[in-house]
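Notes for the one structure printed next.
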Amino acid sequence: MQGTLIVLSGFSGAGKGTIIKRLMEKYDNYALSVSVTTRQPREGEEEGVNYFFRSQEEFDQMVKEDAFIEYASYVKHSYGTPKAFVTKKLEEARDVILEIEVQGALHVKEVMPEAISIFVTPPSGEELERRLSGRGTETPEVVADRMARAYEEADSMDQYDYLLINDDLEECVDKLHELIMASHFRSIGNKELINDMKESLKAFRKE
Ligand code: 5GP
């Protein structure tokens with residue numbers, strides 16, 4: 001059986017990073033896809049861990065070679081999901097997580113309808129603002145920009161398969177895991193089993 005491809009998006013400040021980190025600590029069936037980006041590394045970010053940092057030329061070359069499942073621009077930079085890693089891990093029956101923005105997420109669902117898409121959100125707009133302000137690292141202007149962007153992104157929430165409300169972290173991580181486990185039983189992800197079943201029933205067919 002193949003693994004499930006999980007596409008995770010959500011508002012900035014919704015806690016996606018923390019959720020994924022905790023999910024991977026708690027359960028061992030997951031592989032996290034590392035994207036390629038043309039933006040500069042931030043402090044503490046490592047090549048091959050957070051991203052593969054590449055020039056625009058190198059990125060464009062990968063596009064030409066059809067090396068991405070999807071790619072998108074986000075705030076003047078390019079981001080893409082490398083195909084080879086994801087395909088290999090899915091074949092090894094690992095569940096692969098992509099943490100990508102809305103445009104890319106919807107594209108993945110188009111080309112790989114068996115993927116499941118999940119949108120992470122805090123319980124309310126007020127709570128989102130509290131979390132963004134509470135980080136203490138952002139100026140009020142940056143918080144206001146992120147809130148305005150969240151308003152726009154909310155328009156795409158209903159295009160995701162599932163909404164995941166991040167209220168209590170542990171509960172949220174466990175819910176996410178259960179959701180993914182249940183997704184293994186979807187008929188769309190089990191075409192091989194269906195075909196095998198049909199094949200083995202052929203002998204009993206009545207003309
Ligand atoms: P950041 O620059 O803050 O790390 O990421 C900016 C946005 O790009 C985030 O919403 C992140 O989820 C998204 N992103 C990261 N990697 C990819 C990718 O490979 N494809 C797409 N479409 N979005 C990505």
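Indexing begins at 1, ligand by ligand and atom by atom, following the structure's order. The first residue of the sequence shown is numbered 1, and numbering continues consecutively from there. Note that the structure is a prediction, hence the values are computed from the model and not measured.
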> What do you reckon, does Q103 put a non-hydrogen atom under 4.0 Å from ligand 1?
Replying inline: no
> Between Q61 and E65, do the side chains contain an N or O donor and an N or O acceptor separated by less than 3.5 Å?
Replying inline: yes
>> Assigning hydrophobic clusters by single linkage (Ile, Leu, Val, Met, Phe, Trp, Tyr; side-chain heavy-atom cutoff under 4.5 Å), is L176 placed with L169?
In response: yes
> Which ligand 1 atoms does R39 reach within 4.0 Å, using its non-hydrogen atoms?
Replying inline: 1 (P), 2 (O), 4 (O)
>> Considering non-hydrogen atoms of the protein only, which is the closest contact for atom 5 (O) of ligand 1, and what is the distance?
In response: Y51 OH, 3.3 Å
> Looking at R131, E127, K16, K175, which hits side-chain contact (heavy atoms from CB on, under 4.5 Å) with N166?
Replying inline: R131
> At what distance is the nearest protein heavy atom to atom 20 (N) of ligand 1, and which residue and atom is it?
Replying inline: E70 OE2, 2.7 Å
>> Checking a contact table here: which protein heavy atom is nearest atom 12 (O) of ligand 1, and how many Å away?
In response: E99 OE2, 2.8 Å
>> Show the atoms of ligand 1 that are less than 4.0 angstrom away from any heavy atom in R42.
In response: 1 (P), 2 (O), 3 (O), 4 (O)
>> Please list, in number order, the atoms of ligand 1 under 4.0 Å from a heavy atom of A72.
In response: 22 (N)
> By side-chain hydrogen bond (donor to acceptor under 3.5 Å, both in side chains), which residues pair with Y162, not counting sequence neighbours?
Replying inline: none
>> Geometry only, no angles: is T81 polar-contacting ligand 1 at N/O separations under 3.5 Å?
In response: yes
> Is L98 linked to I118 within one hydrophobic cluster, defined over Ile, Leu, Val, Met, Phe, Trp and Tyr using a side-chain heavy-atom separation of less than 4.5 Å?
Replying inline: no
> Just which atoms of ligand 1 are under 4.0 Å from any heavy atom in G80?
Replying inline: 18 (C), 19 (O)
> Can you tell me which residue and heavy atom of the protein come closest to atom 16 (N) of ligand 1, and the distance to 0.1 Å?
Replying inline: S35 OG, 3.1 Å
> Any salt bridge between E91 and K88, counting N to O under 4.0 Å?
Replying inline: no
> With a 6.0 Å cut-off on ring centres, are F119 and F11 close enough?
Replying inline: yes
> At what distance is the nearest protein heavy atom to atom 22 (N) of ligand 1, and which residue and atom is it?
Replying inline: E101 OE2, 2.6 Å
> Is there a donor in the side chain of E199 and an acceptor in the side chain of N195, or the other way round, less than 3.5 Å apart?
Replying inline: no
